[in-house]
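Heavy atoms only: backbone and side chains are in, while hydrogens, waters and symmetry mates are out. Chain letters run A, B, ... following the sequence lines, proteins first and then strands; every chain starts at 1.
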Amino acid sequence: MFKISLPDGSVREVPRGSSPADVAAAIGPGLAKAALAARVDGELRDLGRPFEGDAALELVTARDEADALELARHDFAHVLAEAVQALFPGTQITFGPSTDDGFYYDFAPRDRPFTDEDLPAIEAEMRRIIAADKPLTREIWSRADLIARWLEQGESFKAEWAGELPEGEELTVYRSGSDWLDMCRGPHLASTGKLDPAAFKLTRVSGAYWRGDQANAMLSRVYGTGWLNKKQLDAHLLRLEEAAKRDHRKLGAEMDLFHLQAEAHGSVFWHPKGYKVWRELEAYMRRAIDAAGYREVKTPQIMDARQWEQSGHWGKYRENMFVIPDEVPSVEDEGALVSGKGDWMALKPMNCPAHVLIFRQGIKSYRDLPLRLYENGCCHRNEPHGALHGLMRVRQFTQDDAHIFCREDQIVAEVQDFCALADRIYKDFGFTYAIKLALRPEQRFGSDTDWDKAENELRDAVVRAGLATPEYGWEELPGEGAFYAPKLEWHLTDAIGRTWQVGTIQSDRVLPERLDAHYIGEDGEKHRPVMLHRAIFGSYERFIGILIEHYAGKLPLWLAPVQAVVATIVSDADGYASEVEANLRLAGIRVESDLRNEKINYKVREHSLQKVPHLLVVGKREAEERTVAIRILGEERQRFMPMDEAVAWLKGEALAPDLRA
RNA sequence: GCCGCUUUAGCUCAGUCGGUAGAGCACAUCAUUCGUAAUGAUGGGGUCACAGGUUCGAAUCCUGUAAGCGGCACCA
């Protein structure tokens, strides 16, 4: 007999061979039905898997939502694989995990990749499998038997996978009914019928590389979203619709902020309104860096290729660089445009080398350090075309880039200061964030000793700033650093919970070495400065994209391209409206007037859709009383106040957060 | 770059079997002067992404190219 202790403190004795399912049944039929899986000594297991000794047992039901969702999604993935093999014989199965909102499965199709049009049939087949309530049973196979079985079935991917698991290890296999099996660590629900057939939806298909490696075969991935019940699924689908409404590409067009077109694909055409937002951010950032002891510079857009060779970019980064011949193009109709004999130049993909060149001008003393050089640096990177995405991933972008040249003993303090600066700035925009440390990648410059030092300094600074806690999402990411330095990364969380990497600080000993930057120390000798690369917005383009989505287009007053519209009800108020407009403009408010011969309903609707924060309505009454009726975007009630008071109030409201008292 | 899908008026989208292009919104003109999310009428607007091919005839079928979208890989 085994002693099984339950969460309420009671202990039950069960015979050998019993499983959590037996315990559930003994407690009551309700629980037996509700139980989905078991936690045995803390480990999530199948309900039907026998105990191996005395154990602490917790039964998992739909109330344990995280566990239940994970189980259901994993099962949906298996059912998906079984359905696809039933409908498309010859399709190989590979791998299919759960995701944040559902599941996917990667297949190697026999003759063609799957398309969206295949999804309804696959969904229907999945529902048949769920309705058949096939038991899912766990079996233990030897590695050799399993590989033999996969090869016999023509499952070469599965065989490859199994072949790489440790020799002699027993592998778990789950059988669905009597005929279909997949290699899997489990656990699973007791049977397919535990899934709610109305709680999933196949969402899309895509390509994906086998084992995530570009060098491998392209598989065909089917994505689904999966939940415990239809209500959850519907809520999720609604969330997706809401997210689509705040897509910055859609809002950017609707609000006339910017556009993209094929002739300059990957580069942004900023319209007047979008550029207002940009300029407001630029002004904000300049105030921040001026106060933090940075000095702004501007450096060349194009430099000789030899400079990029020396910095190391030519070797490690060339595939992302735009290269330009230093040659006048031929004006002949026949023949090549350029001879290719001229020198090569390149558009800068980064600002760092140019900042080192500024540092190198003149002799620097240890007294000059730290030297913080800031640039709104316009960079060009020839990104893989499939990577481009609205404002988030572009080929021309402007970084809020700075390089801090400092002594070894100043690094930690500088990084700490940066953490504080980033914290204040992100909070001004209403973001919460997570900090991550990206460690050395496989392809890198510099000695392991330097990498040890650099990684430790960044870690130390975050620890000292008290930010290396779960609350700040602290996490270390092996292999994710840049080729010249480890990175601290700031990942913002927006209003609907998505995360975006924007800020970074990297401590670099490689570039100062390669470009021979030095300062004279107290001892009169030459020393190598350390260079901290850092950004807070990341790029203006991406940051604006994130802001649009975060605020769903309703930018805070200080950032709104048009802060107020004065709208008339009758043309008799035109003169007064123009007066109100002039006064607001004089107070520095970005204001427009709408004197069109349209109904006030029409004007309210139009400016609301344009996300104008304040609509000042003036009719006959306001003109006579010299007041305005202010309608704030998203509010039902309006405020009435004298014009002068309204101007003063708006002026105060429109202040940037760093300028408020 | 890789896989799949898409590309028709400024925007959102119809367009059947291959037979000479359609709506709503927007825009222009006219009327309307109205109190908080669409006033009405009239009108103009298209090399059906681009280049080839099949056909008596192509928005429609085929091939290629480009861009967009969803992923993968890569990344601020």
Side-chain angles (χ1 to χ4, degrees), chain A residues 104 106 109 112-119 203-223 244 247 249-250 253-254 256 259-266 317 319-320 349-351 377 379 381-395 397-401 438 480 482 487 489-490 500-504 533 535-543 545-546 567-574 595-610 615-622 629-638:
Chain A
Y104 66 80
D106 286 346
R112 60 162 180 92
F114 300 115
T115 72
D116 289 331
E117 281 159 26
D118 297 322
L119 297 183
T203 48
R204 55 183 176 254
V205 295
S206 91
Y209 298 106
W210 168 235
R211 307 182 132 192
D213 187 338
Q214 234 181 132
N216 290 340
M218 174 64 65
L219 303 171
S220 185
R221 176 173 294 180
V222 177
Y223 279 96
D247 189 306
R249 294 165 300 186
K250 182 173 138 66
E254 284 172 7
D256 194 18
H259 85 271
L260 297 155
Q261 67 179 63
E263 286 71 13
H265 94 280
Y317 207 74
E319 59 183 351
N320 285 306
M350 298 176 186
N351 309 297
C379 295
R381 297 184 189 171
N382 201 347
E383 301 285 354
H385 287 193
L388 301 176
H389 179 92
L391 295 178
M392 302 305 195
R393 209 45 199 285
V394 288
R395 301 207 295 178
F397 57 96
T398 301
Q399 297 176 314
D400 62 314
D401 198 10
E480 304 266 309
K487 299 196 271 190
E489 300 176 347
W490 274 254
W500 307 93
Q501 201 232 298
V502 288
T504 184
H533 307 247
I536 291 177
F537 291 160
S539 76
Y540 282 83
E541 285 82 357
R542 177 178 289 185
F543 200 71
I546 294 169
T568 50
I569 296 171
V570 290
S571 53
D572 288 347
D574 285 2
L595 310 181
R596 291 175 302 171
N597 175 14
E598 293 289 352
K599 287 189 170 178
I600 192 62
N601 295 35
Y602 181 86
K603 295 185 183 182
V604 166
R605 178 182 152 82
E606 195 164 87
H607 299 300
S608 298
L609 289 174
Q610 281 294 305
L615 190 60
L616 280 60
V617 178
V618 295
K620 221 178 252 175
R621 198 159 63 222
E622 286 78 10
I630 304 182
R631 186 193 159 104
I632 298 178
L633 183 61
E635 284 181 22
E636 289 289 315
R637 225 166 46 83
Q638 42 182 340

- Are any of the side-chain nitrogens in A:R393 or A:E383 under 4.0 Å away from the carboxylate oxygens of its partner? yes
- Query: Within a strict 4.5 Å, meaning less than it, do heavy atoms of the A:E622 and A:V617 side chains meet?
  - Reply: no
- For A:A629, answer base if it contacts any base atom (sugar-phosphate contacts may also be present), sugar-phosphate if it contacts only those atoms, and nothing otherwise; contact means non-hydrogen atoms under 4.0 Å. base
- Message: Please report the distance separating the C1' of B:G15 from the corresponding atom of B:A9, rounded so that it comes out in whole Å.
- Response: 14 Å
- Nearest-angstrom distance from the residue atom CZ of A:R621 to P of B:C34: 13 Å
- Item | Side-chain donor/acceptor contact of A:Y209 with base of B:G1 under 3.5 Å | yes
Could you write out each protein N or O paired with an N or O of nucleotides 38-46 of chain B at a distance under 3.5 Å?
residue : atom : partner : partner atom : Å
B:A38   : N7   : A:R605  : NE           : 3.4
B:A38   : N7   : A:R605  : NH1          : 3.3
B:A38   : N7   : A:R605  : NH2          : 3.3
B:A38   : N6   : A:R605  : NH2          : 2.5
B:A38   : N1   : A:R605  : NH2          : 3.3

- How many Å lie between CZ on A:R393 and C1' on B:A73, as a whole number? 10 Å
- For A:L633, what residues pass the side-chain contact (heavy atoms from CB on, under 4.5 Å) criterion, not counting sequence neighbours? A:K554, A:S608, A:K611
- Task: Indicate yes or no: does A:R249 engage A:D247 in a salt bridge with an N to O separation below 4.0 Å.
- Result: yes
- Using a heavy-atom cut-off of under 4.0 Å over every strand shown, decide if A:G503 touches base, sugar-phosphate, or nothing. nothing
- Query: How long is the line joining CD of A:E480 and C1' of B:C75, in whole Å?
  - Reply: 10 Å
- Taken in chain and number order and not counting sequence neighbours, the residues that satisfy side chain to side chain donor-acceptor pair (under 3.5 Å) with A:N382 are A:R395
- Is the shortest distance from a Lys or Arg side-chain nitrogen in A:E635 or A:R631 to a carboxylate oxygen in the other one below 4.0 Å? no
- Is A:S539 touching bases, backbone alone, or none of the nucleic acid, heavy atoms closer than 4.0 Å? base
- Item | Protein-nucleotide distance (A:L119, atom CG; B:G71, atom P), rounded to Å | 14 Å
Restricting to nitrogen or oxygen on both sides, can you table the protein-nucleotides 64-70 of chain B pairs closer than 3.5 Å?
residue : atom : partner : partner atom : Å
B:A67   : OP1  : A:H265  : NE2          : 3.4
B:C69   : OP1  : A:R249  : NH1          : 3.0
B:G70   : OP1  : A:R249  : NH2          : 2.8
B:G70   : OP2  : A:R249  : NH1          : 3.2
B:G70   : O2'  : A:R204  : NE           : 3.4

- Item | Pairwise P distance, B:A51 and B:A41 [rounded to whole Å] | 40 Å
- Message: Does A:I569 reach a base, just sugar-phosphate, or nothing at all? Heavy atoms under 4.0 Å.
- Response: base
- Query: Hey, is the side chain of A:R221 pairing donor to acceptor with the base of B:C72 inside 3.5 Å?
  - Reply: no
- Sequence neighbours excluded, which residues qualify as ring pair (Phe, Tyr, Trp, His ring centres under 6.0 Å) partners of A:F397? none
Between the protein and nucleotides 60-63 of chain B, are there any N/O to N/O pairs under 3.5 Å, and if so, what are the atom names and distances?
none

- Are A:R211 and A:D106 within salt-bridge range, i.e. N to O under 4.0 Å? no
- Considering only NZ, NE, NH1 and NH2 on the basic side and carboxylate oxygens on the acidic side, decide whether A:R596 and A:E606 come within less than 4.0 Å. yes
- 4.5 Å side-chain heavy-atom contact, A:L615 and A:V604: yes
- Taking CG from A:D116 and P from B:G71, how many angstroms apart are they, rounded to a whole number? 12 Å
- Message: Using a 4.0 Å heavy-atom cut-off, does A:P113 contact any base of the nucleic acid, only the sugar-phosphate backbone, or nothing at all?
- Response: sugar-phosphate
- Query: Would you say the base of B:A76 and the side-chain of A:E489 have a donor-acceptor pair closer than 3.5 Å?
  - Reply: no
- Task: Using the test side-chain contact (heavy atoms from CB on, under 4.5 Å), find all partners of A:N351 that sit at least two apart in sequence or belong to another chain.
- Result: A:K348, A:H355, A:E375, A:C379, A:Q399, A:D401, A:H403
- Task: Look at all strands and tell whether A:K620 reaches a base, only sugar-phosphate, or nothing, counting heavy atoms closer than 4.0 Å.
- Result: base
- Item | Over 12 non-hydrogen atoms of neighbours within 6.0 angstrom of CZ in A:R112 | yes
- Query: Taking syn as any angle within 90 degrees of 0 and anti as the rest, which one fits B:C17?
  - Reply: syn
Short N/O separations, protein against nucleotides 13-17 of chain B, under 3.5 angstrom:
none

- Base, sugar-phosphate alone, or nothing: which one does A:E117 contact when heavy atoms must sit under 4.0 Å apart? nothing
- Task: Using the test side chain to side chain donor-acceptor pair (under 3.5 Å), find all partners of A:Q638 that sit at least two apart in sequence or belong to another chain.
- Result: none
- Task: Rounded to the nearest angstrom, tell me the gap between atom CD1 in A:I600 and atom C1' in B:U33.
- Result: 12 Å
- Should A:F114 and A:R221 be marked as a side-chain contact (heavy atoms from CB on, under 4.5 Å) after you check the CA-CA gap, both sets of side-chain angles, and the distance that decides it? CA-CA 8 Å; A:F114 300 115; A:R221 176 173 294 180; over 6 Å; no
- Message: As a test of your reading of the structure, name each stem of RNA chain B as range with range, where a stem is three or more consecutive Watson-Crick or G-U pairs at under 3.5 Å.
- Response: B:1-7 with B:66-72, B:10-13 with B:22-25, B:27-31 with B:39-43, B:49-53 with B:61-65
- Partner residues of A:H259 under the ring pair (Phe, Tyr, Trp, His ring centres under 6.0 Å) criterion, sequence neighbours left out: A:F269, A:H271
- Between A:Q214 and A:N216, is there a donor-acceptor pair closer than 3.5 Å when you use the side chain of the first and the backbone of the second? no
- Task: Grab the CD-C1' distance between A:Q610 and B:A37 for me, whole Å please.
- Result: 13 Å
- Task: Under the ring pair (Phe, Tyr, Trp, His ring centres under 6.0 Å) rule, collect the residues that match up with A:Y223, sequence neighbours excluded.
- Result: A:Y104
- Message: Whole angstroms only, please: what is the CG-C1' distance between A:D574 and B:C34?
- Response: 14 Å
- Message: For A:F537 and A:F543, take the angle between the two ring planes, folded into 0 to 90°, and tell me which bin it lands in: parallel under 30, tilted 30 to 60, perpendicular over 60.
- Response: parallel
- Look at all strands and tell whether A:F543 reaches a base, only sugar-phosphate, or nothing, counting heavy atoms closer than 4.0 Å. nothing
- Assign A:A387 to base, sugar-phosphate, or nothing according to its heavy-atom contacts below 4.0 angstrom with the strands shown. base
- What nucleic acid atoms does A:K250 come within less than 4.0 Å of, heavy atoms only: base, sugar-phosphate, or nothing? nothing
